[in-house]
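Reading through the structure tokens given below for one structure.
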There are 2 protein chains.
Amino acid sequence: MQRYIRMLREGKLKITPRREAILAYFIKEGKYATPEQVWKKLRISLGRLGLPTVYRNMEEMHQLGILVKVEGVENRFYYGLCRAEDPQVHHHHIICQGCHKVREVEGCLVGSLSKQIEAKTGFKLTGHTVHLQGLCQSCIIADGG
Amino acid sequence: MQRYIRMLREGKLKITPRREAILAYFIKEGKYATPEQVWKKLRISLGRLGLPTVYRNMEEMHQLGILVKVEGVENRFYYGLCRAEDPQVHHHHIICQGCHKVREVEGCLVGSLSKQIEAKTGFKLTGHTVHLQGLCQSCIIADGG
DNA sequence: AGCATAAATGGAAAGCATTTTCGTTTACGC
DNA sequence: GCGTAAACGAAAATGCTTTCCATTTATGCT
């Protein structure tokens, strides 16, 4: 928790009960979630909680690299906690299709191939997004047996 | 054009003036576009044209592999014509950030690394999406000089 | 060519995720 | 503690996308 609090401070964001609750949610769940899902859960314990607040905070945390944002099914956006040592170091994420767990994938899948791609296409690569879907250990077992 | 008409037939979709116009638009432009952009352009020549029709047709063409669908800026969806010989053969696309031109990138960027990723993460890969952004030859020149 | 029919279409309206507005509340540096 | 800018909640707005439904049209069959 402390490292995320630190990241909020570095981003000039105040430490509020709502932000702490959102962080706690993601640390505890370890899964990706929509602002609405987070809101439905935290609303109970926090008493008053506005949905726009959750949207705002999750987007801000995404800007700071605390949360990854992925396009999920049915045109909605999901956020997951990024646990990488240094979120600034480029990496990708894989999400379990069974339990929605998020895991970091060290290194870059495109980097080593970028020269080839540029040679073949004549394009100069300026960026990329990679979304990996998979099944985690637990869900493989659940699936298979 | 004929190969896309064939793909529509194989998908049990009728060949209508609207569908032909949408295909012609993408063949001519070679860029990705939102349903609204296509609609604004074709509305003029087609006289009457409903925006839902464009949305419907572009999504159907996406389902048939005729159009690729990418998440663009400001949470909107863009579609681009897939010119790959066989769209069923897995490949990726790179989009020019300057002119929005779409180009196929043969081969798969994840395939060769999937074993490593699975070993490292313990996940079993089930799918992935890769979006490449770049600058095409013309736009590099325009950009640099 | 004409006919039957299921598919396609347009316009209006609805749906729905997300954002904005704005008055009130709160974190936090001093 | 106090002042102030930031954060917040509620309601409303926004804007992309889809649905509904009555009308039109492509197409297979004679």
Side-chain angles (χ1 to χ4, degrees), chain A residues 1-2 4-25 32-64 66-67 69-79, chain B residues 1-2 4-25 32-64 66-67 69-79:
Chain A
M1 173 70 100
Q2 283 317 306
Y4 298 114
I5 300 281
R6 205 180 313 126
M7 289 172 77
L8 285 178
R9 283 225 176 78
E10 285 163 9
K12 313 282 186 198
L13 296 185
K14 293 182 175 171
I15 315 305
T16 69
R18 268 107 255 256
R19 289 189 176 132
E20 288 178 309
I22 291 170
L23 286 173
Y25 172 95
Y32 73 178
T34 61
E36 195 183 357
Q37 290 173 326
V38 176
W39 173 68
K40 280 189 175 162
K41 191 71 175 288
L42 296 184
R43 196 163 45 148
I44 302 162
S45 46
L46 284 175
R48 257 154 59 111
L49 177 63
L51 186 51
T53 298
V54 182
Y55 268 96
R56 268 187 302 241
N57 282 328
M58 283 171 65
E59 185 58 31
E60 285 164 347
M61 289 181 190
H62 166 55
Q63 298 301 333
L64 294 183
I66 296 173
L67 300 181
K69 185 179 186 177
V70 301
E71 174 202 331
V73 284
E74 13 72 50
N75 302 0
R76 299 196 63 169
F77 288 99
Y78 286 73
Y79 296 82
Chain B
M1 172 69 99
Q2 284 315 307
Y4 298 114
I5 300 281
R6 204 179 315 126
M7 288 172 79
L8 284 179
R9 284 224 175 78
E10 285 164 8
K12 312 282 187 199
L13 296 186
K14 293 181 177 174
I15 314 305
T16 69
R18 267 108 254 252
R19 289 190 176 132
E20 287 178 310
I22 291 170
L23 286 173
Y25 172 95
Y32 73 0
T34 61
E36 194 181 359
Q37 289 173 325
V38 176
W39 173 68
K40 280 189 176 161
K41 192 70 174 290
L42 297 183
R43 195 164 47 148
I44 302 162
S45 47
L46 283 175
R48 256 153 60 110
L49 177 64
L51 186 51
T53 299
V54 183
Y55 269 96
R56 266 187 304 242
N57 283 327
M58 285 171 62
E59 184 58 32
E60 285 164 348
M61 289 180 190
H62 166 55
Q63 297 302 333
L64 294 182
I66 295 172
L67 301 180
K69 186 179 188 178
V70 300
E71 173 202 333
V73 282
E74 12 73 51
N75 302 1
R76 297 197 61 171
F77 288 100
Y78 287 73
Y79 296 81

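In what follows, chains carry the letters A, B, and so on, assigned in the order in which the sequence lines appear, proteins first and then strands, with residues in each chain numbered from 1.
- Residues that satisfy the salt bridge (Lys or Arg N to Asp or Glu O under 4.0 Å) test with B/Arg76, not counting sequence neighbours, are B/Glu36.
- For the contact set between residues 12-23 of chain A and DNA chain D, defined by any heavy atom under 4.0 Å, the members are A/Leu13, A/Lys14, A/Thr16, A/Arg18, A/Arg19.
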Tell me, with the steps shown, if B/Arg6 and B/Glu10 meet side chain to side chain contact (heavy atoms under 4.5 Å, CB included). CA-CA 6 Å; B/Arg6 204 179 315 126; B/Glu10 285 164 8; 3.8 Å; yes
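- When the salt bridge (Lys or Arg N to Asp or Glu O under 4.0 Å) test is applied to B/Arg18, no partner is found at least two apart in sequence or on another chain.
- Proximity of residues 35-47 of chain B to DNA chain C (heavy atom under 4.0 angstrom from any strand atom) is not detected for any residue.
- Here the CE-CG distance, from A/Met7 to A/Leu23, works out to 9.5 Å after rounding to the nearest 0.5 Å.
- Note on the helix from C/dA1-D/dT30 to C/dC30-D/dG1: terminal axis deviation equals 50°, with five pairs used at each end and the result rounded to 10°.
- Interface limits on DNA chain C: the 5'-most and 3'-most nucleotides within less than 4.0 Å of chain B heavy atoms are C/dA6 to C/dA12.
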Side chain to side chain contact (heavy atoms under 4.5 Å, CB included) evaluation trace for A/Leu8 with A/Lys14: CA-CA 7 Å; A/Leu8 285 178; A/Lys14 293 182 175 171; over 6 Å; no
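- Proximity of residues 52-62 of chain A to DNA chain C (heavy atom under 4.0 angstrom from any strand atom) is restricted to A/Pro52, A/Tyr55, A/Arg56.
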Could you check A/Gln37 against A/Tyr78 for side chain to side chain contact (heavy atoms under 4.5 Å, CB included), going step by step and ending with a plain yes or no? CA-CA 10 Å; A/Gln37 290 173 326; A/Tyr78 286 73; 4.1 Å; yes
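- When all heavy atoms of A/Gly11 and A/Leu64 are compared, the pair lying nearest together is CA-CD2, 3.8 Å.
- Closest approach of B/Phe77 and B/Thr34 over heavy atoms only: O-CG2, 3.6 Å.
- Within the structure, every pair that satisfies the side-chain hydrogen bond (donor to acceptor under 3.5 Å, both in side chains) test and touches residues 51-63 of chain B, not counting sequence neighbours, is listed here: B/Arg19-B/Asn57, B/Arg19-B/Glu60, B/Thr53-B/Arg56, B/Glu59-B/Gln63, B/Glu59-B/Lys69, B/Glu59-B/Tyr79.
- In this structure, CG in B/Leu49 is found 13.0 Å from NZ in B/Lys40, a value given to the nearest 0.5 Å.
- Closest of all the heavy-atom pairs between B/Leu42 and B/Tyr25 is CD2-CB, 4.2 Å.
- Across the interface with DNA chain D, nearest-nucleotide mapping of B/Thr34 and B/Arg48 shows B/Thr34 to be the residue nearer the 5′ end.
- First and last contacting nucleotides of DNA chain D toward chain B (any atom under 4.0 angstrom from a heavy atom, 5' to 3' order): D/dC16 to D/dT27.
- Between B/Leu46 and B/Ala21, the closest heavy-atom pair is CD1-CB, 3.9 Å.
- Of all heavy-atom pairs between B/Trp39 and B/Leu51, the closest is NE1-N, 3.5 Å.
- In terms of heavy-atom proximity, B/Pro35 sits nearest to B/Met58 at CA-SD, 3.6 Å.
- Within the structure, side-chain hydrogen bond (donor to acceptor under 3.5 Å, both in side chains) contacts touching residues 42-52 of chain A (residues at least two apart or in different chains) do not occur.
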